[in-house]
Trainee: 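This structure is in structure tokens; I'll ask about it shortly.
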Protein chains: 2
Amino acid sequence: MLSMQLPNGVEWTAHCLVVLEQFGSTQPVPSAALAEAYGLSPTYLNKHLQKLAANGLVTSTPGQAGGFALARPAQEITLADVVDALDGRGPIFRCTEIRCQGLFKERSAEIKASGPCRIASAMRQAEDAWRSSLSQVSITDLAAGVDAHSRQQLSEFIDRKHPEGEHQP
Amino acid sequence: MLSMQLPNGVEWTAHCLVVLEQFGSTQPVPSAALAEAYGLSPTYLNKHLQKLAANGLVTSTPGQAGGFALARPAQEITLADVVDALDGRGPIFRCTEIRCQGLFKERSAEIKASGPCRIASAMRQAEDAWRSSLSQVSITDLAAGVDAHSRQQLSEFIDRKHPEGEHQP
DNA sequence: GCGTCCGTACTCGGATAATCTCTGTCCGAGTTGCCGAGG
DNA sequence: CCTCGGCAACTCGGACAGAGATTATCCGAGTACGGACGC
């Protein structure tokens, strides 16, 4: 038995967003290229990117030479946005108010009037700390950690897929 | 589609620990009584309490008049301990190092040498903030939020199950 | 030579199975307390 | 009256199904580019 963990699509799309940052909002990158670059399942990655598009993080352009591109400046996209988009911003801890059940069913109104459940409060506070930490990390910060060699390698690979205005007889 | 959330056993056992705090480490409380008090599944709650016992949070005494009791002072048991015991202290975010896969498979050593993955670092930092917040809330703090009427109601209910030295012809 | 039309190839997008964790339930092993018999 | 043995009931503990979410995959709808045709 392992433990609670958030969908691994978060990791995938986070890396993809860093790649998209490298190419700006002008040049769309197909999901198939991103998947091939990182050795991921193309269709499944596409599914995750769709969620990001539905939440307004990236724009999707269909047709030839289409793909995904950042919808906003990279500084304005944070890890919290990614998690919210993929995981549905639902609270990690869902209070079912069991303090008002069983023996205490009759007094639920009285109990709730005496104050909020402290367990739920503590959990929410911890979750706020988590989200706050995530919201302070933008795609720009993440991109700064990629070494130059990898960036160049990516650039060449994507440009090979998009012969945008050069060579080839 | 809902969202990632931690097992609801956390909520159950947290409330149960508050009850156990009320009775101290002297008087064991059966899991069946706790389940009936809060209207929960007796066997499933038992399963969760077993995990707490396995992690040294509570002591389990078998036989008649047995049950569960706190293994440590309530101040020394925090919500972080509960989450770790039930959820297996595994990290929420598991980095699979996809930055070293696909195109970059050949250069994995070089990339890892250039520094840790910033996505993983940010995630770990956020998780640390979460754990830190949880570790600052003890069972004592939670017990302070229970109204007196509920405490008395619980005391009467449990004592009725444990006629410890009084009445009955 | 230029504009228009059509075909093709590529993209995203949603609908469809397989796998795994969590949820819930059951029954067995072990221990304690009680009751009766014996000294 | 005290001690010992057996019985019964209750407890925890782990093994056994079911539901839900995540993971993974496939195929269809739509769009933009490229070339061919007609003017």
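Side-chain atoms are counted along with the backbone in the values below, which use heavy atoms only and exclude waters and symmetry mates. A note on names: the letters A, B, ... follow the listed sequences, proteins ahead of strands, and every chain is numbered from 1.
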Trainee: How many whole angstroms separate atom CG of L86(B) from atom C1' of dT21(C)?
Mentor: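 Rounded to whole Å, this separation is 15 Å.
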Trainee: Going by side-chain hydrogen bond (donor to acceptor under 3.5 Å, both in side chains), name the residues that satisfy it together with Q153(A), two or more places apart in sequence or in a different chain.
Mentor: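 Partners of Q153(A) under the side-chain hydrogen bond (donor to acceptor under 3.5 Å, both in side chains) test: R107(B).
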Trainee: Nearest-Å distance, CZ (R94(B)) to C1' (dC20(C))?
Mentor: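 Computing the R94(B):CZ to dC20(C):C1' distance gives 13 Å.
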Trainee: Rounded to whole angstroms, how far apart are CD on Q50(A) and P on dA29(D)?
Mentor: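 It works out to 16 Å between those atoms.
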Trainee: What pairs meet the side chain to side chain donor-acceptor pair (under 3.5 Å) rule with one or both residues in residues 95-105 of chain B, with sequence neighbours excluded?
Mentor: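 Every pair satisfying side chain to side chain donor-acceptor pair (under 3.5 Å) with a residue in residues 95-105 of chain B: E11(A)-T96(B), E97(B)-R99(B).
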Trainee: Tabulate protein N/O versus nucleotide N/O from nucleotides 8-11 of chain C, keeping only pairs under 3.5 Å, one per line.
Mentor:
unit_1  : atom_1 : unit_2 : atom_2 : d
dT11(C) : O4'    : G63(A) : O      : 3.0

Trainee: Report, one pair per line, the protein and nucleotides 17-19 of chain C atoms (nitrogen or oxygen only) whose separation is under 3.5 Å.
Mentor:
none

Trainee: Sequence neighbours excluded and cut-off under 3.5 Å, please list the side-chain donor-acceptor pairs for residues 59-66 of chain B, or say none.
Mentor:
unit_1 : atom_1 : unit_2 : atom_2 : d
T59(B) : OG1    : A69(B) : O      : 3.4
T61(B) : OG1    : G67(B) : N      : 3.2
T61(B) : OG1    : G67(B) : O      : 3.3

Trainee: Rounded to whole angstrom units, what separation is found between the CG atom of L52(B) and the P atom of dG14(D)?
Mentor: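 Whole-Å distance recorded here is 14 Å.
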Trainee: Are T13(A) and K51(A) packed together at the side-chain level, in the sense that at least one heavy-atom pair is separated by less than 4.5 angstrom?
Mentor: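 No, their side chains stay 4.5 Å or more apart.
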Trainee: Round to a whole Å and report the spacing from CE of M4(A) to P of dC22(C).
Mentor: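 M4(A) atom CE is separated from dC22(C) atom P by 10 Å.
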Trainee: Which parts of residues 8-17 of chain B get close to DNA chain D, meaning a heavy atom less than 4.0 angstrom away?
Mentor: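 Output list: empty, so none.
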Trainee: Could you tell me how far apart I98(B) (CD1) and dT23(D) (P) are, to the nearest whole angstrom?
Mentor: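 That distance rounds to 13 Å.
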Trainee: What are the two closest heavy atoms between V137(B) and L142(B), and how far apart are they?
Mentor: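 That would be CG1-CD2, 3.8 Å.
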Trainee: Rounded to whole angstroms, how far apart are CZ on F93(A) and P on dC22(C)?
Mentor: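 In whole Å, dC22(C) P lies 16 Å from F93(A) CZ.
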Trainee: Show me the side-chain donor-acceptor pairs of residues 72-81 of chain A shorter than 3.5 Å, one per line, residues at least two apart or across chains.
Mentor:
unit_1 : atom_1 : unit_2 : atom_2 : d
T78(A) : OG1    : A80(A) : N      : 3.4
T78(A) : OG1    : D81(A) : N      : 3.4
T78(A) : OG1    : D81(A) : OD2    : 3.3
D81(A) : OD2    : T78(A) : N      : 3.1

Trainee: To the nearest Å, give me how far apart CD1 (I92(A)) and P (dC22(C)) are.
Mentor: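 After rounding, the gap between these two atoms is 14 Å.
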Trainee: Counting C-beta onward and ignoring hydrogens, is there a side-chain heavy-atom pair between P91(B) and Q5(A) closer than 4.5 Å?
Mentor: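 No - every pair of side-chain heavy atoms lies 4.5 Å or more apart.
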Trainee: Taking salt bridge (charged side-chain N to carboxylate O under 4.0 Å, His left out) as the definition, give me every residue that meets it alongside E36(B), ordered by chain and number, with sequence neighbours left out.
Mentor: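 Salt bridge (charged side-chain N to carboxylate O under 4.0 Å, His left out) check on E36(B) returns K161(B).
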Trainee: Do we see a donor-acceptor contact under 3.5 Å between the side chains of T43(A) and N46(A)?
Mentor: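 Looking only at side-chain atoms, N46(A) and T43(A) do not form any donor-acceptor pair under 3.5 Å.
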Trainee: Within residues 41-48 of chain A, which residues have any heavy atom lying less than 4.0 Å from an atom of DNA chain D?
Mentor: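 S41(A), T43(A), Y44(A), K47(A), in order of number.
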Trainee: Got a sec, which residues hit salt bridge (charged side-chain N to carboxylate O under 4.0 Å, His left out) with D141(B), two or more places apart in sequence or on another chain?
Mentor: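 Checked D141(B) against salt bridge (charged side-chain N to carboxylate O under 4.0 Å, His left out); zero matches.
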Trainee: Taking only residues two or more places apart in sequence, or in another chain, which ones meet Q152(B) in a side-chain hydrogen bond (donor to acceptor under 3.5 Å, both in side chains)?
Mentor: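 By the side-chain hydrogen bond (donor to acceptor under 3.5 Å, both in side chains) rule, Q152(B) matches E156(B).
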Trainee: Look at the rings of F104(B) and Y38(A) and say which category their plane angle falls in: under 30° parallel, 30 to 60° tilted, over 60° perpendicular.
Mentor: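 Answer is tilted, since the angle falls between 30° and 60°.
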Trainee: Would you please name every residue forming a side-chain hydrogen bond (donor to acceptor under 3.5 Å, both in side chains) with R118(B), sequence neighbours left out?
Mentor: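 For R118(B) there are no side-chain hydrogen bond (donor to acceptor under 3.5 Å, both in side chains) partners, ignoring immediate neighbours.
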